[in-house]
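Report on the structure given below.
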2 protein chains.
Amino acid sequence: MTLKEGKERFIQSWGALGSSWGINRTMAQIHALLLIAPESLSAEEIMEELQISRGNANMNIRALIDWGLVYKELKPGERKEFFVAEKDMWEVVKNIIVQRKKRELEPMLRVLDEISSVDPESEEAREFIEIIREIKLFSNKADSTLDTLVKADSNWFVGTFMKMIK
Amino acid sequence: MTLKEGKERFIQSWGALGSSWGINRTMAQIHALLLIAPESLSAEEIMEELQISRGNANMNIRALIDWGLVYKELKPGERKEFFVAEKDMWEVVKNIIVQRKKRELEPMLRVLDEISSVDPESEEAREFIEIIREIKLFSNKADSTLDTLVKADSNWFVGTFMKMIK
DNA sequence: TTGTCGGTTCAGTACTTATTGAAACTTTGC
DNA sequence: GCAAAGTTTCAATAAGTACTGAACCGACAA
């Protein structure tokens, strides 16, 4: 396989993976492109490489920066902005966990709290409250597990974790 | 808050959560509805409750069964099929992990293997191969960690895990 | 002050994905 | 064998999301 083919295949697959992970296809492709780019790239180069419009590139690059998956790099003497990907996979996954936890798990926890206040007037209501209580318990556990996971460092994950859970 | 409001709010939120988790809104809503239903429900009842068409209900129920999140229940003497949700949250999460691993992580591992065969003819190609190697290493670790996690039982997660990683 | 270069925004449009509803199919009872 | 009750399929369509391209903004240099 040639380098060009390999790169294309990678960008393609990373894009597909991303789109089932709350990161849209183009966003993931830009990330893939930057991951395997030997140098930081400008918006123009990204547009060119992926055949996308300026607006699209701009929006997705900024979203990637929001997610903490890409950094802006200002080259001295250059007016253009350049972009580099976070290449440490553990950092990438950690950032995604942090973002999605904030966007999804935490709002859900709030909703679960709210609906716990349903009147336990009927047997059905009491059953409902009980099920919600179980879900809440589980979600809280997941929440704090993820917190701990995110605080842990890369080496810990790569090295120790595997042995601990064996 | 009344029981009715609480239920609606829960179905609503569970639907929203699902849609950022590769489980579409309706599928997640059906799951939510079944989670809090005191009894198993028929397709008709689900259609009625969520105001969706027969076809939609049928397709999403079957998808939920595929994911292992819902079971078919055949009541003796009844010709209709009834459905119940898997209510153990740890089972739910485990099934989602298994499915998504199979659909996303495993294909990605295959792609990474393929593109490792890029000719290391240039310096750039060698750098590419190296980055792919790192991603592959990480993905393999994630893959086996998830395997271990899925084999572990609920109690282990709820009880021991939290202490271990403290 | 004017022109150029890049970045940002956003209304309109293209593309993707989910949903409907009707027809086809299956199972069962008579 | 046929009607009734239920399930499945799928082409057409609706709803939702992403993308484009042009207008706008700000910084800078001439």
Side-chain angles (χ1 to χ4, degrees), chain A residues 11-12 14-34 40-67 69-84 100 103-104, chain B residues 11-12 14-34 40-67 69-84 100 103-104:
Chain A
I11 291 169
Q12 224 24 57
W14 202 252
L17 184 65
S19 62
S20 38
W21 268 87
I23 289 178
N24 82 38
R25 172 172 239 82
T26 305
M27 213 188 294
Q29 286 184 342
I30 295 175
H31 184 239
L33 178 63
L34 288 172
S40 58
L41 301 178
S42 67
E44 307 267 316
E45 289 167 311
I46 293 170
M47 286 161 56
E48 167 66 19
E49 201 75 43
L50 302 177
Q51 292 296 303
I52 58 175
S53 71
R54 175 171 291 283
N56 196 8
N58 184 275
M59 299 226 268
N60 282 303
I61 290 169
R62 275 180 315 118
L64 280 167
I65 293 174
D66 266 9
W67 281 77
L69 303 180
V70 162
Y71 307 110
K72 209 176 264 193
E73 195 180 77
L74 294 166
K75 293 196 184 172
E78 283 271 21
R79 200 154 139 196
K80 269 200 273 261
E81 295 174 333
F82 291 79
F83 305 95
V84 242
R100 301 198 66 174
R103 288 166 205 215
E104 296 155 25
Chain B
I11 291 170
Q12 225 22 58
W14 202 254
L17 184 67
S19 62
S20 37
W21 268 87
I23 289 179
N24 82 37
R25 171 172 242 81
T26 306
M27 212 189 292
Q29 287 184 343
I30 295 175
H31 184 239
L33 178 63
L34 289 173
S40 60
L41 301 177
S42 67
E44 306 266 319
E45 289 166 312
I46 293 171
M47 286 161 57
E48 167 67 18
E49 201 76 43
L50 301 177
Q51 292 295 303
I52 57 174
S53 73
R54 178 168 292 283
N56 195 9
N58 184 273
M59 299 229 267
N60 282 302
I61 290 169
R62 275 180 314 115
L64 280 166
I65 293 173
D66 265 8
W67 281 77
L69 304 180
V70 162
Y71 308 110
K72 208 175 262 193
E73 195 181 76
L74 295 167
K75 294 196 185 174
E78 284 270 20
R79 200 152 142 194
K80 268 201 273 269
E81 294 175 334
F82 290 79
F83 305 95
V84 243
R100 302 199 64 174
R103 288 166 205 214
E104 296 155 25

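All values reported here derive from a predicted model rather than from experimental measurement. So you know, we letter chains A, B, ... as the sequences are listed, proteins then strands, and number each from 1.
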Fill in: Listed once per pair and sorted, the salt bridge (Lys or Arg N to Asp or Glu O under 4.0 Å) pairs that draw on residues 14-24 of chain A, sequence neighbours left out
none
Discussion item. Arg54(B): which residues meet the salt bridge (charged side-chain N to carboxylate O under 4.0 Å, His left out) condition with it, sequence neighbours left out?
Written reply: Glu44(B)
Practice prompt. Go through residues 43-50 of chain A and report each residue with a non-hydrogen atom lying under 4.0 Å from DNA chain C, sorted by number.
Written response: Ala43(A)
Worksheet item: For the atom pair CZ (Phe83(A)) and CG (Leu64(A)), what is the distance rounded to the nearest 0.5 Å?
Response: 10.0 Å
Practice prompt. Give me the residues of residues 70-78 of chain A where at least one heavy atom lies under 4.0 Å from an atom of DNA chain C, by number, or none.
Written response: none
Worksheet item: So, is Asn56(B) close to the dT20(C) phosphate, meaning a side-chain N or O under 4.0 Å from OP1 or OP2?
Response: yes
Worksheet, complete the sentence: So CD1 of Ile11(A) and CG of Leu50(A): to nearest 0.5 Å the spacing works out to 6.0 Å
Discussion item. Could you go through Val84(B) and Val70(B), starting from their C-alpha distance and side-chain angles, then the distance that decides it, and tell me whether this counts as side chain to side chain contact (heavy atoms under 4.5 Å, CB included)?
Written reply: CA-CA 6 Å; Val84(B) 243; Val70(B) 162; over 6 Å; no
Worksheet entry | Phosphate contact (dG6(C) OP1 or OP2) by Ser42(A) side-chain N/O below 4.0 Å | no
Fill in: By side-chain hydrogen bond (donor to acceptor under 3.5 Å, both in side chains) - contacts of Glu45(B) (at least two apart)
Ser42(B)
Fill in: Any residue meeting salt bridge (charged side-chain N to carboxylate O under 4.0 Å, His left out) with Glu81(B), in chain and number order, not counting sequence neighbours
Lys72(B)
Fill in: Rounded distance (nearest 0.5 Å) linking atom CD1 of Ile46(A) with atom CD of Gln51(A)
13.5 Å
Item to complete: Please tell me which of Arg25(A) and Glu81(A) maps to the more 5' nucleotide of DNA chain C, matching each residue to the nucleotide holding its nearest heavy atom.
Response: Glu81(A)
Worksheet item: Does OP1 or OP2 of dT8(C) have a side-chain N or O of Asn58(A) closer than 4.0 Å?
Response: yes
Item to complete: Evaluate the side-chain proximity of Tyr71(A) to Glu73(A): yes if any heavy-atom separation is below 4.5 Å, no if none is.
Response: no
Worksheet item: How would you give the extent of chain A contacts on DNA chain D, as first and last nucleotide 5' to 3' within a 4.0 Å heavy-atom cut-off?
Response: dA18(D) to dA27(D)
Report all side-chain donor-acceptor pairs from residues 18-32 of chain A shorter than 3.5 Å, counting only partners two or more places apart or in another chain.
residue	atom	partner	partner atom	Å
Ser19(A)	OG	Ala16(A)	O	2.8
Ser20(A)	OG	Leu17(A)	O	3.0
Trp21(A)	NE1	Glu104(B)	OE1	3.0
Asn24(A)	OD1	Thr26(A)	N	3.0
Asn24(A)	OD1	Met27(A)	N	3.0
Asn24(A)	ND2	Asn60(A)	OD1	3.4
His31(A)	ND1	Trp14(A)	NE1	3.0

Discussion item. Taking side-chain hydrogen bond (donor to acceptor under 3.5 Å, both in side chains) as the definition, give me every residue that meets it alongside Glu49(A), ordered by chain and number, with sequence neighbours left out.
Written reply: none
Worksheet, complete the sentence: By nearest-heavy-atom nucleotide on DNA chain D, the more 5' of Phe82(B) and Gly55(A) is Phe82(B)
Fill in: Protein-nucleotide distance (Ile52(A), atom CD1; dC15(C), atom P), rounded to Å
15 Å
Fill in: Interatomic distance, Ile61(B) atom CD1 to Asp66(B) atom CG [nearest 0.5 angstrom]
12.5 Å
Worksheet item: Starting at CE of Met59(A) and ending at C1' of dG7(C), how long is that distance when rounded to a whole Å?
Response: 13 Å
Item to complete: Name all residues meeting the side-chain hydrogen bond (donor to acceptor under 3.5 Å, both in side chains) criterion together with Glu48(A); count only those two or more places apart in sequence or in a different chain, and write none if there are none.
Response: none
So which protein N/O to nucleotides 23-26 of chain C N/O distances come out below 3.5 Å?
none

Worksheet, complete the sentence: Between CG of Asn60(A) and C1' of dT9(C) the distance, given in whole Å, is 14 Å
